[in-house]
Amino acid sequence: MHPLLKWTALTLAVSLPLTAQAHRAWMLPSATVLSGEDPWITVDAAVSNDLFYFEHFPLRIQGIGDVGSDADARRPAAVLQLFAPDGSAVEAENGSIGRYRSTFDLHLTEKGTYKLAIANSGLFASYKKDGEMQRWMGTVADFAKQVPANAENLKVAQREGRMEVFVTSGNPTETVLKTTGKGLELAPITHPNDLFAGEAAEFTLLLDGKPAADVAVTVIPGGNRYRDDLGEINTTSDADGKINITWPEAGMYWLEAELSSTEGVSAPATERRASYSATLEVLAP
């Protein structure tokens with residue numbers, strides 16, 4: 001396995017500024033609420049400027065297809081975890097990596113809510129060498145080996161990123177909604193597969209299992225390629241980490257939260273940057 005596969009393209013994506021032209025990493029399920037006796041979903045995964053539109057490069061998922069040998073293949077691969085309604089691990093099927101997107105199938109063999117998650121952490125460093133800016137991403141163990149100890153203008157950030165999608169077959173369940181207590185996470189008060197246009201949903205943001213106050217949250221409806229206005233909804237978590245979002249219309253949405261802090265930082269980092277994103281489907285009432 002290529003050594004860079006220890007890292008995820010999500011880490012690269014969250015290091016970029018959140019603007020209309022920023023690269024965003026996302027997973028897009030074919031549906032999030034299903035019925036029937038033998039349901040499947042197909043999931044697309046990519047990094048792009050426009051949400052849910054394939055025009056930049058695939059989110060390379062470890063174990064899904066061939067990472068190839070071109071320049072994009074040298075980008076780190078994402079580690080995907082899939083959880084059944086009882087919390088047990090399940091496997092993706094029919095995975096492949098194309099020029100602009102990765103794709104895989106998930107067979108929903110049990111009734112209830114599934115969780116699709118990508119979570120990674122590591123260090124990001126910037127410094128000057130021979131008058132030119134250098135950037136490095138990797139593990140704590142590799143930092144001392146690959147970043148000069150006397151590097152000029154050295155800045156090191158501890159980065160943590162989490163991406164999630166929730167999918168329900170039949171009635172919603174809550175086992176997979178339990179958080180891990182690590183990094184920035186979303187604890188649903190409103191079930192993420194029970195979202196309807198015109199109605200408010202409530203969630204709690206947690207950092208290492210504790211309410212995360214004053215965290216900036218951005219919600220963007222899909223299809224921004226086809227409109228002049230990004231249509232974003234901006235909010236901030238309250239003192240208890242809670243956020244409320246009223247969905248203007250039905251469709252797929254991308255929710256992103258990020259924070260920067262000097263608390264809970266481990267050397268050699270001097271700053272901690274945590275991010276969370278989710279793809280949510282809002283249904284017509």
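Computed from a prediction, not measured in an experiment: that's the story for all the values here.
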Side-chain donor-acceptor contact under 3.5 Å, Ser48 with Asp50: no
Quick one: does Arg162's side chain get under 4.5 Å of Glu164's, heavy atoms only? yes
Looking at Ala125 and Leu154, what are the two nearest heavy atoms and their distance? CB-CD1, 4.3 Å
Might you work through the side-chain contact (heavy atoms from CB on, under 4.5 Å) test for Phe104 and Ile61, ending with a clear yes or no? CA-CA 10 Å; Phe104 63 90; Ile61 299 172; 3.9 Å; yes
So, Asn49 versus His23: side-chain donor-acceptor pair below 3.5 Å or not? yes
With no hydrogens and no angle check, do the side chains of Glu199 and Trp247 hold a donor and an acceptor under 3.5 Å apart? no
Taking side chain as C-beta onward, heavy atoms only, is Ser96 less than 4.5 Å from Ile64? no
Any donor-acceptor pair under 3.5 Å from Asn193 side chain to Phe166 backbone: yes
Report yes or no: does Ser30 contribute a side-chain atom to a donor-acceptor pair with the main-chain N or O of Ile41 at less than 3.5 Å? no
Keeping the roles fixed (side chain from Asn224, backbone from Leu51), state whether a donor-acceptor pair exists under 3.5 Å. yes
Within a radius of less than 6.0 Å around CG of Asp105, do more than 12 heavy atoms belonging to other residues, nucleotides or ligands occur? yes
Would you please say whether a donor-acceptor pair under 3.5 Å links the side chains of Asp214 and Thr236? no
Without hydrogens or angle criteria, can the side chains of Thr113 and Thr168 be said to hold a donor-acceptor pair below 3.5 Å? yes
Do Ile233 and Thr218 come within less than 4.5 Å of each other through their side chains, counting heavy atoms only? no
The test is side-chain contact (heavy atoms from CB on, under 4.5 Å); show your working for Phe203 and Ile189 and say whether it passes. CA-CA 5 Å; Phe203 308 103; Ile189 299 173; 5.8 Å; no
All heavy atoms of Val265 vs all of Thr262, minimum pair found to be CG2-O, 3.3 Å
Any chance you could measure Thr279, atom OG1, to Asp44, atom CG, to the nearest 0.5 Å? 11.0 Å
Can the ring centroids of Trp26 and Phe54 be said to lie less than 6.0 angstrom from one another? yes
Same cluster or not: Trp254 versus Met252, using hydrophobic residues (I, L, V, M, F, W, Y) connected whenever any side-chain heavy atoms lie under 4.5 Å apart? yes
Taking side chain as C-beta onward, heavy atoms only, is Val43 less than 4.5 Å from Leu28? no
For Glu271 and Ser260, test the side chains for any donor-to-acceptor distance below 3.5 angstrom and give the result as yes or no. yes
Scanning both residues in full, the closest heavy-atom pair of Pro58 with Ile97 reads CG-CG2, 3.8 Å
Please tell me if the side chains of Thr42 and Thr103 come closer than 4.5 Å, counting only heavy atoms from C-beta onward. yes
Please answer: with hydrophobic residues joined when any side-chain heavy atoms are less than 4.5 Å apart, are Leu177 and Val167 in the same cluster? no
Might you work through the side-chain contact (heavy atoms from CB on, under 4.5 Å) test for Gln62 and Ile118, ending with a clear yes or no? CA-CA 11 Å; Gln62 185 173 318; Ile118 290 172; over 6 Å; no
Asp86 CG to Lys111 NZ distance, which is reported to the nearest 0.5 Å: 15.0 Å
Is there a side-chain contact between Tyr276 and Glu256 in this structure, where contact means two heavy atoms from C-beta onward sitting under 4.5 Å apart? no
For the backbone of Ala31 and the side chain of Glu281, can you confirm whether one donor and one acceptor N or O come within less than 3.5 Å of each other? no
Taking the side chain as every heavy atom from C-beta outward, state whether Phe57 and Val47 have any atom pair closer than 4.5 Å. yes
Cluster question for you: counting only ILVMFWY and a side-chain heavy-atom cut-off of under 4.5 Å, with indirect links fine, are Leu34 and Val90 together? yes
Using modelled atom types only, decide if a donor and an acceptor are shared between the side chain of Ser237 and the backbone of Val215 within a distance under 3.5 Å. yes
For Gly181, does its backbone N or O pair with a side-chain atom of Glu185 as donor and acceptor, under 3.5 Å? yes
Flag yes if Leu205 and Leu255 sit in one hydrophobic cluster, no otherwise; membership is Ile, Leu, Val, Met, Phe, Trp, Tyr, and two members link when side-chain heavy atoms are under 4.5 Å apart. yes
For Leu283 and Ala250 the tightest heavy-atom approach is C-CB, 3.8 Å
Aromatic rings Trp40 and His107: how do their planes relate, parallel, tilted or perpendicular, breaks at 30° and 60°? parallel
Above 12 or not: heavy atoms from other molecules or residues under 6.0 Å from NZ of Lys182? no
Report the C-alpha separation of Glu258 and Leu184 in whole Å, then their side-chain angles, then the decisive distance to 0.1 Å, and conclude whether the side-chain contact (heavy atoms from CB on, under 4.5 Å) test is met. CA-CA 8 Å; Glu258 58 183 357; Leu184 187 61; 5.5 Å; no
Backbone of Gly231 reached by a side-chain donor or acceptor of Asp229 within 3.5 Å: yes
Return yes when atom CD of Gln146 has more than 12 non-hydrogen atoms of other residues, nucleotides or ligands closer than 6.0 Å, and no otherwise. yes
Is the Tyr127 to Trp136 ring centre distance short of 6.0 Å? no
In this structure, would Leu230 and Phe52 fall into the same cluster of hydrophobic residues linked by side-chain contacts under 4.5 Å? yes
How long is the gap from NZ on Lys242 to OG1 on Thr204, to the nearest 0.5 Å? 4.0 Å
Closest heavy-atom pair and its distance - Tyr253, Glu249: OH-O, 2.7 Å
In this structure, CG of Leu186 is separated from CG of Leu206 (nearest 0.5 Å) by 8.0 Å
Exam field: side chain Glu160 to backbone Arg273, donor-acceptor pair closer than 3.5 Å: no
Among Leu195, Val219, Thr190, Leu280, the one residue meeting side chain to side chain contact (heavy atoms under 4.5 Å, CB included) with Ile245: Val219
Assess whether atom CZ of Arg227 is packed by more than 12 heavy atoms of other residues, nucleotides or ligands within 6.0 Å. yes
If I compare all heavy atoms of Thr175 with all of Pro85, which pair ends up nearest, and what's the gap? CB-O, 3.2 Å
For the residue pair Glu110 and Ser169, confirm or rule out a side-chain donor-acceptor distance under 3.5 Å. no
Ignoring hydrogens and geometry, is there a side-chain-to-backbone donor-acceptor pair from Lys128 to Met133 under 3.5 Å? no
Is the NZ or CZ atom of Arg159 positioned over Phe124's six-membered ring, under 6.0 angstrom from the centre and within 45° of the axis? yes
Just verifying a value: how many Å separate His56 NE2 and Tyr100 OH, rounded to the nearest 0.5 Å? 10.0 Å
Can you tell me if CD on Glu55 sees more than 12 non-hydrogen neighbours from other groups inside 6.0 Å? yes
Side chain proximity check, Arg272 to Glu263, heavy atoms < 4.5 angstrom: no
Between CG of Asp38 and CG of Leu108, what distance do you get to the nearest 0.5 Å? 9.0 Å
